[in-house]
Each structure stands twice: as C-alpha cells, then as structure tokens.
Trainee: 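Structure incoming, see below.
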Protein chains: 2
Amino acid sequence: MLSAIMEDYLKAIYYLQDETDERVRTSTLAEHMGVEQPSVTSMMKKLAERDLVHHEPYKGVELTDTGIPIALEIIRHHRLLERYLTDHLEYDWAEVHDEADRLEHHISNQFADRIAEQLGDPAVDPHGDPIPTAELDISAPKCGETLADHQVGDSVRIERVPDEDADLLRYLSEHGIHPGTEVEIVEVTSFGMVTLDLDGGDEPVALPEKVARSISAQSLSEDTS
Amino acid sequence: MLSAIMEDYLKAIYYLQDETDERVRTSTLAEHMGVEQPSVTSMMKKLAERDLVHHEPYKGVELTDTGIPIALEIIRHHRLLERYLTDHLEYDWAEVHDEADRLEHHISNQFADRIAEQLGDPAVDPHGDPIPTAELDISAPKCGETLADHQVGDSVRIERVPDEDADLLRYLSEHGIHPGTEVEIVEVTSFGMVTLDLDGGDEPVALPEKVARSISAQSLSEDTS
DNA sequence: GAACGAAATTAGACGAGACTAAGTTTATAG
DNA sequence: CTATAAACTTAGTCTCGTCTAATTTCGTTC
Ligand SMILES: [Mn+2]
Ligand SMILES: [Mn+2]
Ligand SMILES: [Mn+2]
Ligand SMILES: [Mn+2]
C-alpha cells in the first residue's frame, strides 16, 4: 500500500517527533530526508490524505494514531535487521545501517518475526536503540542523559550511540566503546573536547563535544540497580 | 544504477532466452512481466541504450555480454535467499518465492556472499535450480527431460520443480515430492493425467500432464552414476 | 505478389516523487 | 503596529514506468 519512500518519511517523523516532542517542521524533515522543502510539503499532503499524519499548514506535522504503528513497524524491521546482520552474518556494526535502511521496507513481518525468534527477541539493536515488540510496544525511547551531561570524574555506562555515521562507529569500536562499556570522564576542555578513560585500561579516548552529546550514558552511582 | 524493475526485466529475459535459445519476443516478455506490450518496448529501448540488451525492432531482444552477469547476479540473490529462508528461517518452500523476488533487488552482494557462506555454498535452491557462484558461473541450466518425457514403468528421480506456483508446491510437498525424490510412473491416461508411485510407499500421486511437463526428472537407469 | 491478421512500435497521457522559481504566511524587530 | 527575513506552500517541470489508442511492420495465405 505504502511506498518505501512514504515509509521513510513516517520513520523520520517518528524520530524527530521523539526528539523534540513538538510538531515536526518542514525544514527539519527536508534536511533529514535530503530533499528540498517543496518535496516535503507535497509528501505531507499525500500522507495527510491517508490520515497518517496531521498537517497544520505552516506549523508542521505529527503522526496520527494510524501513522505511529506503521513507523514503529519499520523501526522494528530496521533494528532487528541490524541485530541480525551483526549477530548472525558477521557484519561490523558500522556497516549495518545502510543495509538495514534498504531492507526494512522489503522484508515481510513474517521475516522480521522469524529473525526475532532466532535472536531470542532482543530488546535493543547493536547501537543500543530499543526494538519494538511484535505488538509494537517500545521501551523508554531515550533516557536523556548524554556523555556531555556528566562532570569530570564521573563514571558512566554507555547506553546507546548514533547509528548513522559509519566513520564514527568505526572509531568508537576501534577504541572499545559500545553500549555497555563503562568509562570515566577525565577531561572536558573549554574548546569542546571530551576525554574518556576506559574501564579496561589502554589509552584515553578523545571525542568532540558534539559527538559526546549524541552518546547516551548513565551514571554508575550506587542507585544503579 | 539499475532500478528493481530493470533488474526484473533482465532476469525475465535471461529465463526466457534460456528456455527457447531464440531472441525473446516483446509479447512473451509482456506476458511474463504482467505488463502491456508498449511498456516492454519502451523498457527495451532504455536497456538497449545502456547496452544491456540487443534489441532488433520487430524481432525481439537478447542479453548482451554486459547484461548477462547482471541477470545472473539477481538469480544468485534469488536462489540463495530461497535456500536461506527454507534452511535457516523455517520457511515452507511454497512461501519463499515471493519474499525472494522482492529481496533479491535490495540485498548487497556482501549479504548474498555471507548467507552463501553460512549455507556452505549450496549448488541448488530448494526447487532444484542451480545457484550461480560468486563468480557467476552457473551449472547446466536445465537438463531437459521432464516427467512427461518418460514411459509408464520408468523409475526416475525428480530434479527440479517450478517455483512460482505456491499451490502446486504445497501439493507436491504434501505428497512427498521434492528434488531428489525417486518415483515410478504408473499410469499415463489419454486425457492427460500422469500418476506416480513414490519410493516411500503411501498412495500414488496424480498430476495433470501440463504439470508433469514442468517437472524435471532423470532416469534411474544403470548409467546413472 | 497483394492482402490480411498478428505482433510490435509510436504517440500521448498519467501518477509518483523529485526539482526550481515564485508567491504566502509567520515571526520578530524596530 | 508596521517592516522584513525566514519558513512554508503553490505552480510548473522533469524522469520513470505504466497505460490506451493509433499506426507500422511482419509473416502467411490465396
Ligand atoms: Mn529506509
Ligand atoms: Mn541502529
Ligand atoms: Mn524481483
Ligand atoms: Mn527457486
């Protein structure tokens, strides 16, 4: 019924809506999809026509109750595929995003359910993002705190990393940083460089503050359990 | 570079060319693709433009040396996917064709190579069709003899079955007929009904002659080895 | 070898999804 | 409360892959 392109728009709206909790703006969507604004406006009309989004002209769009489960279905496909590619097909986590971004539109729900079963219904994808269940329940979207929100001296556990920049992912995995890794923040410079010490020794790892702000991390304080 | 649709045309031309060894006619292709003739003509122009087919107006098309490997790549994807779906994801062989027919255009060669490796580089797909290697070598396209070519009393081994009719595949597997099954032809009626006896006992299986002609089968005579 | 029917091609249109250029609306500043 | 810049939408065009209707070519028959 829906084209792959329409599905990608719905997915993008879901992500952006999740981030800001406001209506998603045409310009934001255009940038995220890599198209010009008029393309977005025209697509929003089509999606509104089908009751998948509510479009308030000049104000932005949001997913309707019909649109949300469709977006979640695609996100489920995407994240299950990523998990499957890394766990069963020896893909590097830096390579999985593009492959999943294509395949997510073309696998059946049956395919998704079968690989979920093979994987033992995993809760998160290789980058730490939660995988919606077959009933499309999704756990806590995003826990808020990032590496940049902590102080020098804090010990934190990496929760999730952004999955779209392959170069960054390669850099991170080369330096042993995955969801689950425990690190201590050892330096934050005035010019925006964050340095981490890995639990497992080795060299400290430096990250631009912009990157630090894109990586979720939770305090390792007493009340962690 | 090529759209999924273009790939499907190339694949169709390969199949049809393989069957008849002549140039493929516009009408044949139109029927196979489920489109009208002018759609085929216009697509053939585009493919000829890119040197993937040679189009002799009013006579038909054939794949060029550039077009053949592209068709074989898609066929490799298709058959590997079918094998993978049945062997690793518990699909029934009647369900795999449609899923593979979509995914074949969207998986990378890397994905294909990885599942080939996991499967141990299988030579044939679940329906008995040969799988091209990563170097795009393909073994004996089609051995010629079908169930309908044998006499009453002959014992034969099923080599391959057509993979596009899910109902037929369900019927065959319910009656224990797969590539590798050994059967004896026990009756051929004047009104086109072929009856088989399975090696493993049970009831005889009846097939319309049209179906019998679509199933490859090799004599189990002495010189089989 | 002319005529006819089948097969193929050309011509023209449409929907999807993109673009550029031009016109509106909104928000913000003075 | 008006002026202006940014954001958004509208208008019109393009390519892709399809369609129907009209025309051309081929192969065969008389
Ligand atoms: Mn996608
Ligand atoms: Mn991911
Ligand atoms: Mn296909
Ligand atoms: Mn097959």
Side-chain angles (χ1 to χ4, degrees), chain A residues 1-14 16-17 19-63 67 70-71 74 101-102 104-106, chain B residues 1-14 16-17 19-63 67 70-71 74 101-102 104-106:
Chain A
M1 261 0 57
L2 290 182
S3 69
I5 295 290
M6 285 175 161
E7 291 181 349
D8 269 337
Y9 273 98
L10 292 177
K11 192 177 67 155
I13 295 169
Y14 185 93
L16 296 169
Q17 195 168 303
E19 267 173 23
T20 67
D21 254 348
E22 286 177 352
R23 276 185 294 225
V24 179
R25 315 229 50 171
T26 303
S27 50
T28 317
L29 212 33
E31 189 189 7
H32 195 268
M33 295 292 297
V35 300
E36 298 301 318
Q37 290 190 4
S39 309
V40 174
T41 302
S42 112
M43 181 57 81
M44 291 312 104
K45 284 185 171 174
K46 283 173 202 156
L47 295 178
E49 186 75 28
R50 302 192 188 209
D51 248 318
L52 299 169
V53 303
H54 181 235
H55 184 202
E56 186 89 35
Y58 294 99
K59 297 298 177 53
V61 289
E62 53 190 3
L63 293 174
I70 297 178
I74 310 299
D101 220 15
R102 268 178 291 118
E104 62 188 1
H105 311 288
H106 305 289
Chain B
M1 254 12 47
L2 290 182
S3 68
I5 296 289
M6 284 174 163
E7 291 181 350
D8 269 338
Y9 274 97
L10 293 177
K11 191 176 67 156
I13 296 168
Y14 184 95
L16 297 169
Q17 195 168 305
E19 269 172 22
T20 66
D21 255 347
E22 287 177 349
R23 275 185 293 225
V24 179
R25 314 230 50 170
T26 302
S27 51
T28 316
L29 210 34
E31 189 188 9
H32 195 269
M33 295 292 297
V35 299
E36 299 300 320
Q37 289 189 3
S39 309
V40 174
T41 303
S42 113
M43 181 57 81
M44 290 313 104
K45 282 185 172 175
K46 284 173 200 156
L47 295 179
E49 185 75 26
R50 302 192 189 210
D51 249 318
L52 299 169
V53 303
H54 181 235
H55 184 204
E56 187 90 34
Y58 294 98
K59 297 296 177 53
V61 290
E62 54 189 4
L63 293 174
I70 296 178
I74 310 297
D101 220 15
R102 268 178 292 116
E104 62 188 0
H105 310 288
H106 304 288

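Computed over heavy atoms, backbone and side chain alike; hydrogens, waters and symmetry mates excluded. Below, chains carry the letters A, B, ... as their sequence lines are ordered, and counting in each starts from 1.
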Trainee: Can you sort out which residues in residues 23-38 of chain B have a heavy atom within less than 4.0 Å of DNA chain D? Ascending by number, please.
Mentor: B:V35, B:E36, B:P38

Trainee: How many Å lie between CD on A:E49 and P on C:dG17, as a whole number?
Mentor: 13 Å

Trainee: Where is the tightest heavy-atom contact between B:I13 and B:V24, given as atom of each residue plus distance?
Mentor: O-CG2, 3.8 Å

Trainee: First locate atom NZ of A:K46, then atom CE of A:M6, and finally report the distance between them rounded to the nearest 0.5 Å.
Mentor: 6.0 Å

Trainee: Side chain of A:S3 only, heavy atoms from C-beta on: which candidate in C:dT9, D:dT9, C:dG17 is closest?
Mentor: C:dG17

Trainee: Take atom CG of B:L47 and atom C1' of D:dT18, then tell me their distance rounded to the nearest Å.
Mentor: 15 Å

Trainee: Whole angstroms only, please: what is the CE-C1' distance between A:M43 and C:dG15?
Mentor: 12 Å

Trainee: For C:dA18 and A:S39 - does any side-chain N or O of the residue sit under 4.0 Å from the phosphate oxygens OP1/OP2?
Mentor: no

Trainee: Work out which heavy atom in A:Q37 is nearest to a heavy atom in A:T26; give both atom names and the distance.
Mentor: O-CG2, 3.8 Å

Trainee: To the nearest Å, give me how far apart CZ (A:R50) and P (C:dG17) are.
Mentor: 8 Å

Trainee: Does the side chain of B:M33 reach to within under 4.5 Å of the side chain of B:M43, using non-hydrogen atoms?
Mentor: no

Trainee: OP1 or OP2 of D:dT9 versus the side-chain N and O atoms of A:H55: is any pair under 4.0 Å?
Mentor: yes

Trainee: If I take atom CD1 in residue A:I5 and atom P in nucleotide C:dC19, what distance separates them, rounded to the nearest angstrom?
Mentor: 11 Å

Trainee: Compare the minimum distances between each of D:dG17, C:dA18, D:dC26 and the side chain of B:K59, then state the nucleotide with the smallest one.
Mentor: D:dC26

Trainee: Between A:Q17 (side chain) and A:L63 (backbone), is there a donor-acceptor pair under 3.5 Å?
Mentor: yes

Trainee: Quick one: does B:R25's side chain have a donor or acceptor within less than 3.5 Å of a partner on B:Y58's backbone?
Mentor: yes

Trainee: Starting from C1' on C:dT10, measure out to CE on B:M44 and report it in whole angstrom.
Mentor: 16 Å

Trainee: Whole angstroms only, please: what is the OH-P distance between B:Y58 and D:dT28?
Mentor: 17 Å

Trainee: Report the distance from atom CD of A:E62 to atom CG of A:D21, rounding to the nearest 0.5 Å.
Mentor: 10.5 Å

Trainee: When the distance from NZ of A:K45 to C1' of C:dG15 is rounded to whole Å, what number comes out?
Mentor: 16 Å

